[in-house]
Amino acid sequence: PFDSIVNVAQGRYPLYPVGLLLHDRYDSAARAKDISAKTFIVIAQNDKVISKERTQELIDAFCVKQLQVTTIVNRGHNDISSDERYYKIMQDFIGEG
């Protein structure tokens, strides 16, 4: 989970004007104020693609009362969904676990 793809890309490519190059911004943090549903954020502890700063900015955009955050330890960006804990916590959150 990240606040916006522009921020993610700018962090990875600081010399490029990514804000001018990207058409789709995927600005989740800006949309958070319009979300009233209970929200679940799952973080891969060893994510090398999405920095902790980008995830924290998204978390901070939500009302803390509606938010549940879980970290899957010893997993990264590309292998988090191969962990059985990932599916179990998803099922528990939506009430099917």
Side-chain angles (χ1 to χ4, degrees):
F2 54 85
D3 56 345
S4 78
I5 199 67
V6 172
N7 289 341
V8 171
Q10 195 65 64
R12 294 187 66 86
Y13 307 105
L15 298 177
Y16 296 99
V18 295
L20 299 174
L21 300 172
L22 293 173
H23 174 72
D24 293 320
R25 298 191 171 287
Y26 299 100
D27 193 349
S28 299
R31 296 174 181 261
K33 67 183 180 319
D34 299 324
I35 299 171
S36 59
K38 191 172 176 184
T39 303
F40 189 39
I41 294 178
V42 180
I43 303 166
Q45 179 187 31
N46 301 328
D47 197 326
K48 302 291 186 220
V49 177
I50 307 300
S51 71
K52 291 178 184 356
E53 179 183 13
R54 301 284 48 96
T55 302
Q56 190 59 52
E57 289 292 326
L58 178 61
I59 290 168
D60 293 344
F62 279 93
C63 171
V64 77
K65 292 179 183 179
Q66 79 185 85
L67 194 59
Q68 181 179 337
V69 178
T70 299
T71 300
I72 305 280
V73 297
N74 299 322
R75 291 295 175 181
H77 187 85
N78 294 322
D79 67 350
I80 189 171
S81 63
S82 67
D83 191 306
E84 63 187 42
R85 294 172 293 181
Y86 177 80
Y87 294 100
K88 174 70 173 124
I89 63 173
M90 293 291 190
Q91 289 173 330
D92 290 347
F93 179 74
I94 60 174
E96 295 180 3

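Given the structure is predicted, the values throughout are model-derived calculations rather than measurements. In this chain, residues are counted from 1 in sequence order.
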| query | In terms of hydrophobic clustering (I, L, V, M, F, W, Y; side-chain heavy atoms under 4.5 Å; direct or indirect links), are I94 and M90 co-clustered? | reply | yes
| query | Quick check: does any side chain N or O of K52 sit under 3.5 Å from a backbone N or O of Q45, one acting as donor and the other as acceptor? | reply | yes
| Does one hydrophobic cluster hold both L67 and I43, with members joined at side-chain heavy-atom distances below 4.5 Å? | yes
| Quick one: do V8 and I80 end up in the same hydrophobic cluster if we chain Ile, Leu, Val, Met, Phe, Trp and Tyr together by side-chain heavy atoms under 4.5 Å apart? | no
| Distance in Å, L21 CG paired with Y13 OH, rounded so as to fall on 0.5 Å steps | 12.0 Å
| query | A29 and L58: which non-hydrogen atoms are nearest, and at how many Å? | reply | N-CD1, 3.8 Å
| request: Determine yes or no for a side-chain-to-main-chain donor-acceptor pair under 3.5 angstrom, with Q91 supplying the side chain and Y86 the backbone. | output: no
| request: Tell me, with the steps shown, if D27 and V6 meet side-chain contact (heavy atoms from CB on, under 4.5 Å). | output: CA-CA 8 Å; D27 193 349; V6 172; over 6 Å; no
| message | Quick check: is V69 connected to I72 through a chain of hydrophobic side chains (ILVMFWY, heavy atoms under 4.5 Å apart)? | response | no
| message | Rounded at 0.5 Å granularity, tell me how far CD1 in I59 sits from CD in Q56. | response | 4.5 Å
| Quick one: CZ on R25 to CD1 on I5, what's the gap to the nearest 0.5 Å? | 11.5 Å
| Rounded distance [0.5 Å steps], OG in S82 versus CD in E84 | 10.0 Å
| query | Is the backbone N or O of Y26 less than 3.5 Å from a side-chain atom of D24, with the two atoms forming a donor-acceptor pair by type? | reply | no
| field | Point-to-point distance, once rounded to the nearest 0.5 Å, from NZ of K48 to CZ of R12 | value | 11.0 Å
| field | Donor-acceptor contact present, side-chain T39 to main-chain A37, <3.5 Å | value | yes
| task | Could you tell me whether R85 atom CZ has more than 12 heavy atoms of other residues or ligands within 6.0 Å of it? | result | yes
| Taking all atoms of both residues into account, what is the closest heavy-atom pair of A32 and A61, and its distance? | CB-O, 3.6 Å
| task | Would you name the heavy atoms of A44 and H77 that are closest together and state the gap between them? | result | CB-N, 4.2 Å
| query | With sequence neighbours left out, what residues match F93 under ring-ring contact (aromatic ring centres under 6.0 Å, His included)? | reply | F40
| task | Would you confirm whether T55, through its side chain, and P1, through its main-chain N or O, come within 3.5 Å as a donor-acceptor pair? | result | yes
| Are the side chain of R75 and the backbone N or O of S81 linked by a donor-acceptor pair below 3.5 Å? | no
| Any donor-acceptor N/O pair, N7 side chain to S4 backbone, under 3.5 Å | no
| query | Would you say I41 and V64 are hydrophobically clustered, going by side-chain heavy atoms of ILVMFWY under 4.5 Å? | reply | no
